[in-house]
Amino acid sequence: MTIQEIQEEIIEDFDLFEDWEGKYEYIIDLGKDLKPLEEEYKKEENLIKGCQSRVWLHTDLIDGKLDFKADSDAMITKGISAVLIQVLNGEAPEEVAKA
């Protein structure tokens, strides 16, 4: 599935909710399902600067594909990180850059 197709699928998922409250709950649930980031990756160099919440993003390159891991101390931000991972994980760096 392409990045564009994944994005469209996520948009369709969010369209199922009639109000923002349902969308927020969905994002929070996505964050709850996100595997916690190993403590070894919760370091300053993986911390996203300028965010009010603490958000760590770690990336590995495995067989030419990006492998993202993320965590946050705020559930909404963790859920947004989960969406990012859902869209971009397993893609080649060139495809991510194009997106």
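All of these numbers come straight from a predicted model, not from anything done at the bench.
When hydrophobic residues (I, L, V, M, F, W, Y) are linked wherever their side-chain heavy atoms come within less than 4.5 Å, Ile62 remains an isolated member. With a 4.5 Å cut-off between side-chain heavy atoms of Ile, Leu, Val, Met, Phe, Trp and Tyr, the cluster of Leu37 takes in Tyr41, Leu47, Trp56.
The distance from the CE atom of Met1 to the CD atom of Glu8 is 10.0 Å, given to the nearest 0.5 Å. Note that CD of Glu94 is 8.5 Å distant from CG of Leu66, once rounded to the nearest 0.5 Å. Taking CG from Asn46 and OG1 from Thr59, the interatomic distance works out to 8.0 Å, rounded to the nearest 0.5 Å. Taken from CD in Glu25 to CE in Met75, the straight-line distance is 12.5 Å, to the nearest 0.5 Å.
The shortest side-chain heavy-atom distance between Glu40 and His58 does not fall under the 4.5 Å cut-off. Inter-residue side-chain proximity for Ser81 and Leu57 is flagged as unmet; no heavy-atom pair is nearer than 4.5 Å. Side-chain contact between Gln7 and Ile10: absent, with no pair of heavy atoms (C-beta onward) separated by less than 4.5 Å.
Hydrophobic clustering of Ile, Leu, Val, Met, Phe, Trp and Tyr side chains at less than 4.5 Å, counting indirect connections, unites Trp20 with Ile28. Under the 4.5 Å side-chain heavy-atom criterion for ILVMFWY residues, a single connected hydrophobic cluster contains both Leu61 and Val96.
For Glu18, the CD atom counts as loosely surrounded, since its 6.0 Å shell holds 12 or fewer non-hydrogen atoms of other residues, nucleotides or ligands. Heavy-atom contacts from other residues, nucleotides or ligands closer than 6.0 Å to CG of Asp15 number more than 12. The environment of CD in Glu21 is sparse: at most 12 heavy-atom neighbours from other residues, nucleotides or ligands sit within 6.0 Å.
With sequence neighbours left out, the ring-ring contact (aromatic ring centres under 6.0 Å, His included) criterion links Phe14 to Tyr26.
Residue pairs meeting the salt bridge (charged side-chain N to carboxylate O under 4.0 Å, His left out) criterion with at least one member in residues 80-90, sequence neighbours excluded, do not occur. For residues 72-87, the set of pairs meeting the salt bridge (charged side-chain N to carboxylate O under 4.0 Å, His left out) definition, not counting sequence neighbours, comprises Asp71-Lys78.
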Show me the donor-acceptor pairs within less than 3.5 Å that the side chains of residues 82-91 make with the rest of the protein, sequence neighbours left out.
residue	atom	partner	partner atom	Å
Asn89	OD1	Phe68	N	2.6

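We find that Lys69 and Asp67 are joined by a salt bridge, their nearest charged nitrogen and carboxylate oxygen being less than 4.0 Å apart.
Residue Leu34 comes nearest to Ala70 through the heavy atom pair CD2-O, 3.4 Å, listed as atom of the first residue, atom of the second, then distance. The two residues Thr77 and Ser72 make their nearest non-hydrogen contact at CB-OG, 3.4 Å.
Between the Glu5 side chain and the Thr2 main chain, a donor and an acceptor come within less than 3.5 Å of each other.
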Query raised in the report: Hey, mind stepping through Glu44 and Lys49 against salt bridge (charged side-chain N to carboxylate O under 4.0 Å, His left out) and telling me if it holds?
Result: CA-CA 9 Å; Glu44 187 68 26; Lys49 309 288 189 265; 3.4 Å; yes
